[in-house]
Amino acid sequence: MNLFITDSTLYKSLRIHFHKTERKLKVNNMISDQEGFPNHVGIIVDGNRRWAKEKRLPTFAGHKKGAERIEEIVKYAQELGVKIITIYAFSTENWKRAEEETSYLMELFETYARNKMDEANDLGIQIRILGDFQGLPDTLQEALTKLKILTRSNEKIIVNLALNYGGRDELVRTFRKLLLTNVTALELTEELININLDTTGLPDPDMIIRTSGEQRLSNFLPWQGIYAELYFPKVHWPDFSKKQLDIAMGEFQKRQRRMGK
């Protein structure tokens, strides 16, 4: 074991530590100086394929890098104090893509669910699934069920994974459930709808981020997102770094949220 550190090595270590500390203090000061830090952030993780194409890599490489970025951003959002993060990972419309691509994504989701299960639990992450769960492959359902059960008591951050999710599909499934209970027209209320949505028990998103420059929500949380602040950075999802999340949080804090007032 080398107990001697050269001046240059020490300087480099101190400089790296200083920059990390300075950046964290800057973010924390930004948060503490302004009210309205988002409690619930939704993210449409767009641009994996475009990122891969620009780098002349196969599409699968973009999805793999995108999955790694989700892991990083969830952990960083937790550090910043975000309590709920909803990731739009696979929509009901995404089944229209080539079977080779959708099969790869299902396998990727299952691999992450199985391999990251213990780590998620250790970090205090509670995993929930939004979407038509029965429409997912059986082995993926099994892995996700184990993940949900293992982490259901965790409280540090809630991560909603929207898989096989579509906002209209969610509403149809919700109304079907209510019709089966013989709810009458006069009994139907916003509260009753809310508690039967996939997001039951959770507050609506304060902010929705869609990466890669597209300025639409593409069937993501149409009921819950009516008052969400929208942010559309041009950066592709695999390049959406911690710094990019800092910028997004700063943009949110500039907004005036009147909520109809």
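In this chain, residues are counted from 1 in sequence order.
- In terms of hydrophobic clustering, with Ile, Leu, Val, Met, Phe, Trp and Tyr side chains grouped at heavy-atom distances under 4.5 Å, Ile87 and Phe232 are assigned to different clusters.
- We find the CD-CD distance between Glu229 and Gln256 to be 10.0 Å, quoted to the nearest 0.5 Å.
- Below 30°, between 30° and 60°, or above 60°: for Tyr88 and Tyr165 the angle between ring planes is above 60°, a perpendicular geometry.
- Looking at every heavy atom in both residues, Gly166 comes nearest to Asn219 through CA-ND2, 3.5 Å.
- Taking hydrophobic clusters as Ile, Leu, Val, Met, Phe, Trp and Tyr residues chained together by side-chain heavy-atom distances below 4.5 Å, Val82 does not share a cluster with Ile44.
- Residue-environment remark: NZ (Lys177) exceeds the threshold of 12 foreign heavy atoms within 6.0 Å.
- A 4.5 Å side-chain heavy-atom check between Leu217 and Leu221 finds every atom pair outside the cut-off.
- Ile43 and Trp51 end up in different hydrophobic clusters when Ile, Leu, Val, Met, Phe, Trp and Tyr side chains are linked at under 4.5 Å.
- Seen from the ring of Phe133, Lys148 counts as a face-on cation partner, given the 6.0 Å and 45° thresholds.
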- [ ] Carefully, step by step, assess Leu245 and Lys242 under the rule side-chain contact (heavy atoms from CB on, under 4.5 Å).
- [x] CA-CA 5 Å; Leu245 186 59; Lys242 294 179 181 179; 5.6 Å; no
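- Side-chain atoms of Asp204 do not come within 3.5 Å of backbone N or O of Tyr227 as any donor-acceptor pair.
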Open item on the list: side-chain contact (heavy atoms from CB on, under 4.5 Å) for Leu197 and Leu171? Distances and angles first, verdict last.
Closed with: CA-CA 7 Å; Leu197 291 170; Leu171 290 171; 4.0 Å; yes
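- Counting heavy atoms from C-beta on, the side chains of Phe109 and Phe90 come closer than 4.5 Å.
- No option in Gln244, Arg210, Arg50, Arg69 other than Arg69 meets the side-chain contact (heavy atoms from CB on, under 4.5 Å) test with Trp237.
- In this structure, the side chain of Ser103 does not engage the main chain of Glu100 through any donor-acceptor pair within 3.5 Å.
- Heavy atoms of other residues, nucleotides or ligands lying less than 6.0 angstrom from CZ of Arg255 number more than 12.
- Looking only at atom types and distance, the side chain of Glu187 has a donor-acceptor partner in the side chain of Thr184 under 3.5 Å away.
- Under a 3.5 Å cut-off, the side chain of Gln78 and the backbone N or O of Ile125 do not form any donor-acceptor pair.
- When side chains are defined from C-beta on, Thr174 does not count as touching Trp223, because their heavy atoms never get closer than 4.5 Å.
- Contact of the Tyr112 side chain with the Glu68 side chain is registered, since non-hydrogen atoms from C-beta on lie closer than 4.5 Å.
- Ile85 has its side chain out of reach of Ile158: every pair of non-hydrogen atoms, C-beta onward, lies at least 4.5 Å apart.
- No hydrogens or angles considered: nothing links the side chains of Gln224 and His40 as a donor-acceptor pair under 3.5 Å.
- In Lys64, the NZ atom is not crowded: 12 or fewer heavy atoms of neighbouring residues, nucleotides or ligands sit closer than 6.0 Å.
- Using a 4.0 Å cut-off between charged side-chain N and carboxylate O, Glu119 and Lys75 make a salt bridge.
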- [ ] For Arg257 and Asp206, run salt bridge (Lys or Arg N to Asp or Glu O under 4.0 Å): C-alpha distance rounded to whole Å, both residues' side-chain angles, the deciding distance at 0.1 Å, then the answer.
- [x] CA-CA 9 Å; Arg257 309 195 72 214; Asp206 304 298; 3.3 Å; yes
Task: side-chain contact (heavy atoms from CB on, under 4.5 Å) evaluation trace for Gln134 with Asp132 - done: CA-CA 6 Å; Gln134 300 303 318; Asp132 182 5; 3.9 Å; yes
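- Between Thr199 and Glu170, the shortest heavy-atom distance links the atoms N-OE2, 3.9 Å.
- A salt bridge links Asp169 with Arg173: the closest approach of a Lys/Arg side-chain nitrogen to an acidic carboxylate oxygen falls below 4.0 angstrom.
- Residue Leu130 is not grouped with residue Leu147 when hydrophobic side chains (ILVMFWY) are merged at heavy-atom distances under 4.5 angstrom, including chains of intermediate members.
- The closest side-chain donor-acceptor pair between Thr151 and Gln126, if any, does not fall under 3.5 angstrom.
- Looking at every heavy atom in both residues, Ile208 comes nearest to Gly225 through CD1-CA, 4.3 Å.
- Defined by atom type and a distance below 3.5 Å, a donor-acceptor pair is present between the side-chain atoms of Trp95 and Asn164.
- Among the candidates Ile193, Asn196, Thr189, Leu192, the single residue satisfying the side-chain contact (heavy atoms from CB on, under 4.5 Å) test with Val183 is Leu192.
- For the residue pair Pro203 and Asn39, the shortest heavy atom distance occurs at CG-ND2, 3.7 Å.
- Once rounded to the nearest 0.5 Å, the distance linking CD1 of Ile149 with CE of Met117 reads 9.5 Å.
- Shown here for Leu123 and Lys156, the closest heavy-atom pair between the two residues is O-CD, 3.4 Å.
- Annotation for Arg152: atom CZ does not count as buried by contact number, only 12 or fewer foreign heavy atoms lying within 6.0 Å.
- At least one side-chain heavy atom of Arg114 sits under 4.5 Å from a side-chain heavy atom of Glu142.
- The closest donor-acceptor contact from the side chain of Ser91 to the backbone of Asn94 lies under 3.5 Å.
- Salt bridge status for Lys65 with Asp239: absent, with no side-chain N to carboxylate O gap under 4.0 Å.
- Using a 4.5 Å heavy-atom cutoff, the side chains of Asn48 and His236 are not in contact.
- Put simply, the side chain of Thr200 gets close to the backbone of Ile195: a donor and an acceptor are under 3.5 Å apart.
- Nearest heavy-atom pair, Ala120 versus Asn154, reported as atom, atom and distance to 0.1 Å: O-ND2, 4.1 Å.
- At a threshold of 4.5 Å between side-chain heavy atoms, the hydrophobic network of Ile, Leu, Val, Met, Phe, Trp and Tyr places Ile70 and Leu105 in one connected group.
- To the nearest 0.5 Å, atoms CD (Glu99) and CE (Met106) are separated by 11.5 Å.
- The closest donor-acceptor contact from the side chain of Asn160 to the backbone of Thr86 lies at 3.5 Å or more, if one exists at all.
- Residues Tyr104 and Thr59 form no side-chain contact, since every pair of their non-hydrogen atoms from C-beta on lies 4.5 Å or further apart.
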Open item on the list: I'd like to know whether Ile157 forms a side-chain contact (heavy atoms from CB on, under 4.5 Å) with Ile84, so could you lay out the CA-CA distance, the side-chain angles of the two residues, the decisive distance to 0.1 Å, and finally the verdict.
Closed with: CA-CA 6 Å; Ile157 187 171; Ile84 306 166; 6.0 Å; no
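- The distance from the CG atom of Asp246 to the CD atom of Glu251 is 13.5 Å, given to the nearest 0.5 Å.
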